[in-house]
Structures are given as structure tokens and as C-alpha cells.
Amino acid sequence: MSKRVVTVSALAGAALLAGAGAYAFAGETGSTGPEVTRASAVYAAPASGKDGSLTFTARVTDDSGVRGLKVLAWPADLAPAPKAEEMAYVEPATCEPSGAGAARCTYTVRITAAEAADSPKGAWHVAVLASAKDGGRTFAPEAADFTVGG
């Protein structure tokens, strides 16, 4: 099973998106890094024989420019939370320039009915790792929160 499937299959069972957060994060403690703002997650459950989807979007800014954004959805009751170094193994969002030093980053993945059936219900977080062209990084383990119902 691919890392993407393992990462995403845990999220796939959502039948209800109870709330999406919009948060801003400055760089990791003691460092300067990109800023992640306007973060949100939207889940559409599979229905009537069609796949569902998970879409995460955020605005990322840095004076040097944005290199990329990695995205990981994880159940809130999973302990401990993911760490920044673990984000190297997850898929990147697609980032499109949106002004000087800014990008709008979007990550979308299809969710099959089988993945949805294997997913836990309850509170979820979306962790992100933003990278700047000058090497700065920002890790936010809870960039967006949502609840998956069943």
C-alpha cells in the first residue's frame, strides 16, 4: 500500500465536514520561515458509486518566495502528533504564484468508497510543512481542523 493511500485512507471515511479552520502560522520557534494563512479543508464523501475527495488550500508567503507545501491529514486522537521531519514522506500541494513572494497552494486527492469505509470518525487535523526558496521552513501540526462524522 502506498504512503499516499495510508495517509489518505485514514481520512477517507468522512461523511460530514463539521468545521474547517483558518489559521495563520509564523515560522518554527526561533526561526524565520514562510507564513501559512487562510488554511482550510473540504471533504466530499463518496456517494452513488462516485469517488469523494479531500481538498486542502492555503496561502503561503515568504520574502524569498515559496518553494512548496507538504500536507498530511491525521486523526486528532493519534498520539503523538506528526513531526516536521516526517513530512518529507508525504505528497506536496500544487502551489501557484499569487503575488510577490506568495503562492496559493492546493492539495486534492480522490477518496474511494473502500478507503472511506476504513477511515476513523471524529476530530481531524491537517499538518503542513511550508518551504521557502531561501531554505526557511514552517511546520504547523494543526493548520486546519475538521470533524468527520459517521
Side-chain angles (χ1 to χ4, degrees), residues 1-14 16-45 51-112 115-116 118-149:
M1 181 179 293
S2 76
K3 290 189 184 295
R4 182 196 75 78
V5 172
V6 170
T7 299
V8 174
S9 67
L11 175 62
L16 174 66
L17 178 64
Y23 303 92
F25 296 92
E28 296 171 333
T29 303
S31 71
T32 59
E35 182 178 33
V36 179
T37 58
R38 302 182 202 158
S40 66
V42 176
Y43 179 81
D51 288 343
S53 65
L54 167 67
T55 300
F56 174 83
T57 59
R59 184 169 195 267
V60 182
T61 57
D62 188 85
D63 291 342
S64 71
V66 176
R67 175 174 288 148
L69 182 75
K70 300 252 184 157
V71 179
L72 173 67
W74 60 281
D77 61 358
L78 178 71
K83 296 180 181 168
E85 54 271 9
E86 295 168 329
M87 297 297 286
Y89 304 104
V90 301
E91 292 183 328
T94 300
C95 295
E96 299 292 330
S98 65
R104 182 175 187 273
C105 299
T106 304
Y107 176 78
T108 301
V109 64
R110 288 185 359 197
I111 308 297
T112 67
E115 290 170 328
D118 289 339
S119 298
K121 311 299 184 259
W124 284 76
H125 304 297
V126 177
V128 297
L129 178 63
S131 302
K133 289 184 177 178
D134 66 2
R137 297 183 330 153
T138 297
F139 174 63
E142 297 180 24
D145 297 319
F146 58 96
T147 302
V148 211

(message) Rounded at 0.5 Å granularity, tell me how far CG in L54 sits from OG1 in T108.
(response) 7.5 Å
(message) How close do A127 and W74 get, counting heavy atoms only, and between which atoms?
(response) CB-NE1, 3.8 Å
(message) Do T57 and R38 have side chains that approach each other closer than 4.5 Å (heavy atoms only, starting at C-beta)?
(response) no
(request) Might you point out which heavy atoms bring E86 and P82 nearest each other, and give the distance in Å? (result) OE1-CA, 3.2 Å
(request) Mind listing the closest non-hydrogen atom pair of A143 and F56 along with its distance? (result) CB-CZ, 4.4 Å
(request) Any pair with a residue in residues 92-105 that passes side chain to side chain donor-acceptor pair (under 3.5 Å), sequence neighbours left out, goes on the list, sorted by first then second residue, please. (result) R104-T106
(message) For T61, give me all partners under side chain to side chain donor-acceptor pair (under 3.5 Å), at least two apart in sequence or on another chain.
(response) none
(request) Ignoring hydrogens and angles, tell me if any N or O in the side chain of K83 forms a donor-acceptor pair with the backbone of A81 under 3.5 Å. (result) no
(request) For A93, enumerate each residue passing the side chain to side chain contact (heavy atoms under 4.5 Å, CB included) test, keeping only those at least two apart in sequence or located in another chain. (result) L69, V71, C105, Y107
(request) Tell me, please, which residues at least two apart from A76 pass side chain to side chain contact (heavy atoms under 4.5 Å, CB included). (result) A123, H125
(request) Indicate the atoms forming the closest heavy-atom contact of A84 with L129, along with that distance. (result) O-CD2, 3.9 Å
(request) Answer yes or no: is there a donor N or O on one side and an acceptor on the other, between the side chain of T138 and the main chain of P34, under 3.5 Å? (result) yes
(request) Of all the heavy-atom pairs spanning S64 and A132, show the shortest one and how long it is. (result) OG-CB, 3.6 Å
(request) Not counting sequence neighbours, list each pair that qualifies as a salt bridge (Lys or Arg N to Asp or Glu O under 4.0 Å) and has a residue in residues 51-70. (result) D51-R110
(message) Suppose we screen for side chain to side chain donor-acceptor pair (under 3.5 Å). Which residues come up paired with S53, at least two apart in sequence or across chains?
(response) none
(request) List the atom of A144, the atom of A41, and the distance in Å for their closest heavy-atom pair. (result) CB-N, 4.4 Å
